[in-house]
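Proteins come first, then strands; the chains are lettered A, B, ... in the order of their sequence lines, and each starts at number 1. Not measured: the values here are computed from a predicted model.
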Amino acid sequence: MYSPELILIELQPIFHDALKLPDLIITRSSSALNTPNWDSLAHISIIEMVETHFKIRIGLSELEDLKQVGDLVDLIAEKAS
Amino acid sequence: MPCVKVDDLSSDQLLMQRRKLFLEFSARTDLRAVRIAVLGGSTTSSLVEVLEVLLLALGFRPVFYESEYGRFYEEAVHDPETLIAFKPEIIYVHTSCLNVPRLHAGTTEDDAAAHFQRQADRFRAIWDSLESKVGAQIIQNNFELPPYALFGNMDASAVSGQTRHLMRLNEFLAQEANRRSSLLIQDVHSLSSHLGLANWFDWDRYYSYKIQVRPQATVALARSLAAIVGAIYGKTRKVLVLDLDNTLWGGVIGDDGVENIKIGRETPMGEAYTGFQEYCMALRERGVLLAVCSKNSEEIARSGFYHPSSVLKLDHFSCFKANWFPKHQNIEEIAKELNLGLDSLVFVDDNPAERAIVAAQLPSVAVPNVGTEVSQFAAILDAARYFEPAGVSREDIQRASLYTANSQRSQQQSQFATYDEFLDSLNMTAEIEPFKQVYLERIAQLTNKSNQYNLTTRRYTLAELQALAASQEYICLYGILRDTFGDNGLISVLVGHQEERTLWIDLWLMSCRVLKRDMEHAMLDALVHHAQTRRLTVIRGVYLPTKKNAMVADHYERLGFIRIAAPFDAVEGATYWSLVLDGYFKRNRHIKTNTAQLDLDGVLQHV
């Protein structure tokens, strides 16, 4: 089982790579609106890597509900084993 | 070539590491620029990102142009100005079954023919325009089968069946590719079949970003595309270098004899080796050169191809290296003799340690992890696309001008500076002990079947070995070797008997699986230790030559024994050797043994 804290830690390198910002620190309240480089292409990479790394599939409606990183963390916590 | 081999990475690893790999590869300065335009019927950014990493790994520095979303037809035919200005060398037209309108139920045969004609004309118009206005190599993918079979099984036969329609279009693409020198087909039909359509389409990604396939399918598309681009620029590999024992036939020919190797239709294992030989033969028929690289004596190695069931015969090989030198040296020789670069070679060996040292010493050689199951070798080789032909060897493509000379190929540093370093990296540990009951059967088996690394080739029954083990007059040792790749099992046996202060070695043998690993040194160290504990002062050994054991003719000499005169009744050709134990120093430098502590005791006792 992944704890939300651990998930947030493991998300950091994924965001570093997708946003091409190796020093960035992502928090639960980070979102496309307040984070540099988070465009649609970066978003595709983030979801690809999250699905691959945590071995989960994120459905369309779940994707729609993601507003900030905290939502993503909670979704992963629910789905990842 | 870069240190990380992208061939060895899984799709998931590649997806996760692409940024890191991009940064690592793009730092190189010896890359060849290539300009690639991608005209997509769906979002292609993700595909381009992975393709970029793969092309960097191949030695290219790609510059991409991507069409506006879905405008593959418009940009090629109606407003090609941007494309012309970009000056692409390669144009990839990436379309899918979703870009082909569906036939409706109730369509007549005539309507279907007209529908097909419209689609064919659309693609012809694209290629015609690209040929006349832009002038680049075109790569067009053919179609995967549709995501839904609306007519069930009849989708492949009904007039309105989309499956049938797409298969017809694929045949049309093939015909056009054979007609047009500028057109190459990327076989997405086959690619998607290998992955399975269930792992191909991804509707969540399609509805979200108009990417229609799973990320892993994106990687598969990128790999296949990179292979075509590599082939266009002559980066296709040309030689398949093959190990023999347990690769082209089952068993160890030097020990088992040609009559006992596994090949032919009689047994499942034999069939599997025959199947792999047939695959190699088929590659040869289409122009891939075959070479042998085996640790064997040349004569014995060659004899395997006289086996009546061997599909491959000696004259199918362009180069034949069977000897006891390290394989990476032989592979360098093969490249030299064939006058090809090391990056033209693919090496197949069932032994992971041999693969590791070749991969480490010769990073340009492709060394696929084929595992140890011969039944899988062909599929693994095939999937890696090493021999992708540029079926484009036509003069009208400016391949010559595109071709980068071999001489510019970057020299890469070996991972291990020396063989010693490699041996240390194996983290070998040995268990060398007096015979134990549990191992006697294996000891008997090894004793009665080893022919090559065997100084005297004396055979003993299980009962005889048991008696020797119990006798006070004898020292009987076995050796087990483990390394990072796993447990090699019990691979060495040593038996000696005492005559006053001298130990005579009656039997010394080792499995060829662990040649050049320092194991014989570790065995000698252990033997000396046991001899010294018994206050013996000299060890003597004899080499009895046979047809198969020439490889150990200098065994004792290499271990520092001095040759002594043979007794008058000695067998012809036998040589006699002696080692004085006073002042003995430990020979083994690479294997951790369980006798380390004992060695110390031995030394103290000796002092």
| field | Mutual orientation of the aromatic rings belonging to Phe201(B) and Trp203(B) [parallel < 30°, tilted 30-60°, perpendicular > 60°] | value |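 Phe201(B) and Trp203(B): parallel rings.
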Chain B heavy atoms under 4.5 Å from [X]: which part of the residue, side chain, backbone, both or neither?
X        : answer
Glu51(A) : side chain
Ile47(A) : side chain
Ser61(A) : neither

| task | Assess whether atom CD of Glu74(B) is packed by more than 12 heavy atoms of other residues, nucleotides or ligands within 6.0 Å. | result |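 Above 12, so yes.
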| field | Cation-aromatic face contact Lys210(B)/Tyr206(B), 6.0 Å, 45 degrees | value |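 Yes, cation above the ring, under 6.0 Å and within 45°.
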| Within 45° of the ring axis of Phe86(B) and under 6.0 Å from its six-membered ring centre, is that where the NZ or CZ of Arg35(B) lies? |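 So Arg35(B) does make the cation-pi contact.
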| task | Answer with side chain, backbone, both or neither: which region of Leu23(B) has an atom nearer than 4.5 Å to a non-hydrogen atom of chain A? | result |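 Neither part, no heavy atoms under 4.5 Å.
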